[in-house]
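Each remark here refers to the structure printed beneath this line.
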Amino acid sequence: MPDTPPPRVDLRTDRAHSARVYDYFLGGKTNFPADREAGEQILREWPGSRASARAARAVMHRMVRRLAETHGIRQFLDIGTGIPTEPNLHEVAQRTDPACRVVYVDNDPIVLAHARALLTSSPEGRTAYIDGDLREPGRLLDAPVLHKTLDLDRPVALTLINIVHFMSDEKVLPIVGELVSALPSGSFLALTAGTADSAPERAEIASRRYAEAGIENHLRTRAQVERFFTGLELDDPGVVLINRWHPELGKGPALADHEVMAYAGLARKP
Ligand SMILES: C[S@@+](CC[C@H](N)C(=O)[O-])C[C@H]1O[C@@H](n2cnc3c(N)ncnc32)[C@H](O)[C@@H]1O
């Protein structure tokens, strides 16, 4: 069952929320008029933002495939999971090995309300959900359900997909460092982060619209994204725009650089 302390994110549906705006872009049904309005505003200014959101989700699938198929990872800690959208991370990982285990974390009560869809593990594997916050790494690392689900003496992939752009470097870099240091050698950090490098004007507009909707967001240069991987061994091809990150591992339309607004990187803890 989900671990359920009181929600710390406002459940208000009259204000746009990042997870629901993203769900709207992905074609989901878990969104409200304020989310659709914020999404439509962004789409009017950049019709490609829907394709960009889908590409942002698709890179998670490819990263999980590479982690499971190439690097033999069988345990995942996914923070900033989002509203469930099939295939979810465990479904991708368990295609490689049904014994894969996944702990999902999100701080949004809407995601919590739909967490059941994340608890559909194969019988050989296991999934769990923590209603938790990236800003409280100590609480996440101490969560009993984390230890019941994952063996922290064996490699774990920490996946931070489309979440770090909601926090400043000052706040998020030490948190990622703390989480990675709690994982054993052979663990991985998989991360994507929003950027304005590929489409500066559009990214700035999207960023402004999120800010106007009350959603804090931070765009990063490639060098800034590389800082997340300090002390780790970057996997091929390094930090690149998401459309360039192992496209051969997924299907779907290829996007040009100017159509995506995020970098992806995967690295191993020595
Ligand atoms: C854009 S969605 C990404 C979802 C998913 N990782 C994906 O790529 O499809 C970002 C998610 O991060 C969650 N989130 C934002 N800040 C968070 C925090 N401080 N702690 C936990 N989750 C957070 C939001 O609730 C949202 O579900």
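One is the number of the first residue; the rest follow in order along the sequence. Whatever order the structure lists them in is the order used to number ligands and atoms, beginning at 1. Keep in mind it's a predicted model, so treat the numbers as computed, not measured.
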Which atoms of ligand 1 sit under 4.0 Å from any heavy atom of Gly82?
4 (C), 27 (O)

For Leu219, what are the other residues in its hydrophobic cluster, where any two members join if their side-chain heavy atoms are less than 4.5 angstrom apart?
none

Which of the ligand 1 atoms, numbered from 1, are nearer than 4.0 Å to a heavy atom of Leu134:
18 (C), 19 (N), 20 (N), 21 (C)

Establish, yes or no, whether a centroid distance under 6.0 Å links the rings of Phe76 and His90.
no

Check this for me - ligand 1, Asp133, N or O atoms closer than 3.5 angstrom, yes or no?
yes

Considering the heavy atoms of Phe166, write down every atom of ligand 1 situated less than 4.0 Å from one of them.
10 (C), 15 (C)

For Ser121, run the side chain to side chain donor-acceptor pair (under 3.5 Å) check against Arg101, Arg126, Gln94 and tell me which one passes.
Gln94

Is there a nitrogen or oxygen of Ile83 sitting under 3.5 Å from a nitrogen or oxygen of ligand 1?
no

For residues 164-191, which residue pairs qualify under side-chain hydrogen bond (donor to acceptor under 3.5 Å, both in side chains), counting only residues two or more places apart or in two chains?
Asp169-Arg220

Is Gly132 in contact with ligand 1, taking contact as a heavy-atom separation below 4.0 Å?
yes

Are a donor atom and an acceptor atom from the side chains of Gln41 and Arg44 found within less than 3.5 Å of each other?
yes

Would Arg268 and Phe229 count as a cation-pi pair here, with the cationic atom under 6.0 angstrom from the ring centre and within 45° of the axis?
no

Taking N or O atoms only and a 3.5 Å limit, does Arg57 qualify as a polar contact for ligand 1?
yes

Min side-chain heavy-atom separation Pro237-His246 under 4.5 Å:
yes

Heavy-atom contacts under 4.0 Å between Ile163 and ligand 1: side chain, backbone, both, or neither?
side chain

Met167 N/O under 3.5 Å from ligand 1 N/O:
no

Does ligand 1 have any atom that is closer than 4.0 Å to a heavy atom of Thr81?
yes

Give the numbers and elements of all ligand 1 atoms closer than 4.0 Å to a heavy atom of Arg135.
19 (N)

